Amino acid sequence: MNSAVQQLQDEPNRVSSKPRAGDKKLSIALLGYRCNPFSGGQGVYIRNVSAGLAELGHQVDVISGQPYPDLIEHKNIKLIKLPSLNLYGSGDEIVGYSAKRLLSFTDTFEWCSYQTGGFPEPYTFGRRVFRYLKDNHQKYDIIHDNQTLSWGIADLEQLTDKLVTTIHHPITFDRDIALAHTQTIGLRLLVRRWHHFLNMQTKVARKLRRIITVSENSRSDIAASFASDPSAIEIIPNGINTKLYRPLPEIKRIPGCIITTASADQPLKGTQHLIPAIAALRKSHPEIRLVFIGKPKEDGPTAKLIREHTLADCIEFVHGISNQEVVRRYAQATIAVVPSEYEGFGLPAAEAMACGVPVVSTNGGALAEVVGDAGLIVTKGDPQALTTAMDQLLRDAELREAYAQKGRAHIMQHFSAPRAAELLEAYYLKVLDP
């Protein structure tokens, strides 16, 4: 077993060994600057954390910018909306903008930054949430920010001693990987402009006294990228809802069906390595099909690679489907593949394993730490390695079944949602009573 995972089991994540809260129920503000569950892992994290804490009896107010989260219905969960211009979700950069908005510095900054190729949402959400919590922070026992890392969050750090922040991984890795795959000067300038908010996040991260992350790999990377003190960073892994993400034995697997997940045309996700691997694999497995949970751009690099390798007839893209439909898709798949160059945790790998699907994963970021010996691990950025591992599983039904069972057991033991919620609860109690 990976040493970091073993440490999580042996030391209960180095949080206080005090008993659970019992009758002491906390009031928690959970902050997210964008929480759409279909546009990345942040929405999934907000949904899972709020659900786990609510099940333990705590009151959770999710304070969110747009797009808003898809939360479970629970008497202990309340959504507080902080509207933005929502320029990335509207498809119309002038929607809702009027002369009246010129009176708002936050709205004007959001619009101008968007128009010049920036990503203003962390900064503008920080301003809005600080304005809200300046008058309301005393009603909460804990304020938990999900990687906003804005000047507004730094102001909260000065306002209250109840702030904790989750950093999944440093976005500096996203930027550096994108730059490594971008050749033209113009596009490189656009990548740097988009990631300009990292200057703010780096400075804010250094001011934070309490940071949570989801893997040992991310803790090391956060400490290195943000010059943070590793001893101030607690590891609380993501929790998988194993009641939802479970095997469905009544559904027959489709021979040769491979499933993967990626939210966008980001080099970070490794699709540029997966497509050539599928093309090579098709030579010996002409029946294969790839189900791609995600929506790349019609004229983006993924679409171009698919045309280059003439794979359009064997790839299906699905987007915006329910969690239940995702589970059904996993049940139909023969194997799942995670080709990422970097992951701070790797939710798609963990969810596939929870569903009893044998997994081929790269060793990018924390993936090897999460998958452990319950899946096939290959070197990141190597299409041939992906091809070889997928071929091995497609040819060996007994091996597939062994990894399917091992993967489910691995997630149940190490990364279940109840365990993650209890670790987070224990950390909150440690903050309140050091």
Side-chain angles (χ1 to χ4, degrees), residues 1-2 5 240 242-262 270-271 273-294 311 314-316 318 324-340 343 346-364 367-380 382-416:
M1 183 188 303
N2 180 277
V5 172
I240 306 302
T242 53
K243 293 181 179 179
L244 171 64
Y245 289 94
R246 69 191 192 282
L248 300 178
E250 67 275 15
I251 295 180
K252 292 186 64 175
R253 298 202 185 277
I254 300 172
C257 180
I258 300 169
I259 192 167
T260 193
T261 300
T271 306
H273 309 303
L274 177 60
I275 299 303
I278 293 292
L281 189 65
R282 195 182 190 189
K283 296 175 183 177
S284 55
H285 298 273
E287 78 286 0
I288 67 167
R289 56 177 294 198
L290 176 66
V291 175
F292 194 117
I293 300 178
L311 293 175
C314 72
I315 297 181
E316 177 187 4
V318 293
Q324 290 75 14
E325 177 63 13
V326 170
V327 173
R328 190 183 73 83
R329 292 283 185 157
Y330 276 131
Q332 293 178 331
T334 303
I335 61 175
V337 59
V338 184
S340 302
E343 293 285 351
L347 280 172
E351 290 170 352
M353 294 165 70
C355 289
V357 185
V359 166
V360 173
S361 171
T362 70
N363 60 355
L367 281 168
E369 182 180 339
V370 172
V371 174
D373 61 358
L376 287 180
I377 304 292
V378 302
T379 303
K380 64 181 180 181
D382 187 343
Q384 181 56 54
L386 287 170
T387 300
T388 300
M390 289 188 290
D391 178 68
Q392 182 181 359
L393 283 178
L394 288 174
R395 292 181 184 277
D396 193 333
E398 290 186 3
L399 186 63
R400 292 199 302 271
E401 181 60 25
Y403 274 121
Q405 294 185 16
K406 195 171 185 178
R408 170 73 178 177
H410 179 73
I411 298 302
M412 292 287 290
Q413 182 178 0
H414 300 300
F415 301 112
S416 70

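For clarity, every value in this text was computed on a predicted model and none was experimentally measured. Only heavy atoms go into these numbers, but all of them, side chains included; no hydrogens, no water, no symmetry mates.
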Exercise. What distance separates Ile293 CD1 from Glu351 CD, expressed to the nearest 0.5 Å?
Worked result: 9.0 Å
Exercise. How about Gln324: does its CD atom have over 12 heavy atoms from other parts shown lying under 6.0 Å from it?
Worked result: yes
Problem set entry | Residue pair Thr334 / Gly256: nearest heavy atoms and the distance that separates them | OG1-N, 3.3 Å
Problem set entry | Side chain Arg246, main chain Arg408, donor-acceptor under 3.5 Å | no
Exercise. Any idea which heavy atoms bring Thr242 and Ala354 closest together, and the distance?
Worked result: CG2-CB, 4.5 Å
Problem set entry | Over all atoms of both residues, closest heavy-atom pair of Val370 and His410 | O-NE2, 2.8 Å
Problem set entry | Partners passing salt bridge (Lys or Arg N to Asp or Glu O under 4.0 Å) against Arg400 (at least two apart in sequence or in another chain) | none
Problem set entry | For the student: nearest non-hydrogen atoms of Val378 and Ala389, plus distance | CG1-CB, 3.7 Å
Exercise. Which pairs, with at least one residue in residues 325-339 and sequence neighbours excluded, count as a salt bridge (charged side-chain N to carboxylate O under 4.0 Å, His left out)?
Worked result: Glu316-Arg329, Glu325-Arg328, Glu325-Arg329
Exercise. Partners of Lys380 by salt bridge (Lys or Arg N to Asp or Glu O under 4.0 Å), sequence neighbours excluded?
Worked result: none
Exercise. Hey, what do you get for CD1 (Ile278) to CG (Leu290), rounding to the nearest 0.5 Å?
Worked result: 5.0 Å
Exercise. In Å, rounded to the nearest 0.5 Å, how long is the span from CE of Met353 to OG of Ser361?
Worked result: 8.5 Å
